[in-house]
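The structure appears right after this line, and notes come after that.
Because the structure is predicted, anything quoted here is derived from the model rather than measured.
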Amino acid sequence: SYNISDGITTKTGAEGFTGVAEGTEVKMTYSGKRRIKNVMVINTGMVAVDSITLSKTDVFLAVGTTETLSVTDVAPTNASDKLVIWSSDNKAVATVNPSTGEVTAVGVGTATITATANDDSGVTATCTVTVVNMVIKGSSPTFTIPAGQTVVLDNVSINNGQVICSGNATIILVGDNTVNAPNDPFGDSNYAAIRIGGKGTTLTIRGTGSLIARGGSYCSGIGGYIA
């Protein structure tokens with residue numbers, strides 16, 4: 001209860017008022033019979049954001065493709081403004097819609113996508129976007145990596161096929177990947193699972209995933225073709 005006289009008074013704290021944050025200044029107008037006639041919020045009593053969690057912190061995209069990032073959590077739960085503004089630090093690699101979080105892959109490279117709290121608290125969360133020439137996922141037939149290009153293998157399974165490198169190439173591994181070359185002793189068994197480019201070329205394999213490469217009966221898992 002408040003020790004007030006008839007008329008208009010203000011109270012800081014707003015305890016007892018549903019939906020009004022602690023610390024909010026409230027103006028209360030009383031009638032002559034000391035009953036509340038009107039309650040008006042004078043200021044919002046903003047509760048600032050202290051953390052943002054994103055749906056992903058690492059994304060691999062092929063040039064020309066898109067993916068929409070999202071916010072999965074904003075803390076505290078009673079934050080007054082849970083909106084975020086999206087931005088990219090390298091628009092030559094990836095752009096992002098500032099309101100929806102849709103990322104568009106523009107060119108090969110790496111960009112950091114940042115979600116910034118709209119309430120001027122300065123709180124941010126980031127996602128690293130790596131843009132490559134191709135992203136191969138799931139079950140796949142034989143495919144060729146053109147010279148000088150970068151490809152992501154994302155939980156790929158290739159049976160009786162190959163990954164063929166035309167020249168220098170980079171493979172980025174995500175998840176568990178398996179490539180099994182043809183293994184018929186009376187047929188095409190002279191192939192490596194990962195077939196590197198010609199003399200003087202370089203194959204770079206990196207990433208956080210794994211790779212099992214099984215060559216044919218007469219060839220290694222990673223190598224060339226035996227004529």
query: Sub-3.5 Å donor-acceptor pair from the side chain of Asn180 to the main-chain atoms of Thr178, do we have one?
result: no

- prompt: Checking Ser55 side chain against Ser70 main chain: does a donor-acceptor pair fall under 3.5 Å?
  reply: yes

message: Within a 6.0 Å radius of atom CG on Asp89, are there more than 12 heavy atoms belonging to other residues, nucleotides or ligands?
response: yes

- prompt: Does the side chain of Val71 come within less than 4.5 Å of Thr53's, by heavy atoms?
  reply: no

- prompt: Under the 3.5 angstrom rule, does the side chain of Asn168 hit a backbone N or O of Gly148 as a donor-acceptor pair?
  reply: no

message: For a 4.5 angstrom cut-off between non-hydrogen side-chain atoms, does Lys199 reach Thr201?
response: no

- prompt: How about Val151 and Ile172: do any of their side-chain heavy atoms sit closer than 4.5 Å?
  reply: no

field: Side-chain heavy-atom pair Thr170, Arg206 within 4.5 angstrom cut-off
entry: yes

message: Please check this pair: side chain of Thr126 against backbone of Thr114, looking for a donor-acceptor N/O pair closer than 3.5 Å.
response: no

query: Taking Asp176 for the side chain and Ser210 for the main chain, is one N or O donor matched with an acceptor at less than 3.5 Å?
result: no

task: Mark yes or no for whether Asn155, through its side chain, and Gly138, through its backbone, hold a donor-acceptor pair below 3.5 Å.
output: no

field: Validation row: Leu173, Thr208 side chains within 4.5 angstrom (heavy atoms)
entry: no

message: Given 3.5 Å as the limit, does a donor-acceptor pair link the side chain of Thr68 with the main chain of Gly101, or not?
response: no

query: Is Val63 close to Thr65 at the side-chain level, that is, under 4.5 Å between some pair of heavy atoms?
result: no

query: Can you tell if the side chain of Val106 reaches within under 4.5 Å of the side chain of Thr95, non-hydrogen atoms only?
result: yes

task: Please check if Met134 and Val179 belong to a single hydrophobic cluster, counting links between Ile, Leu, Val, Met, Phe, Trp and Tyr side chain heavy atoms closer than 4.5 Å.
output: yes

- request: Answer whether the closest heavy-atom distance between the side chains of Ile171 and Val163 falls below 4.5 Å.
  value: yes

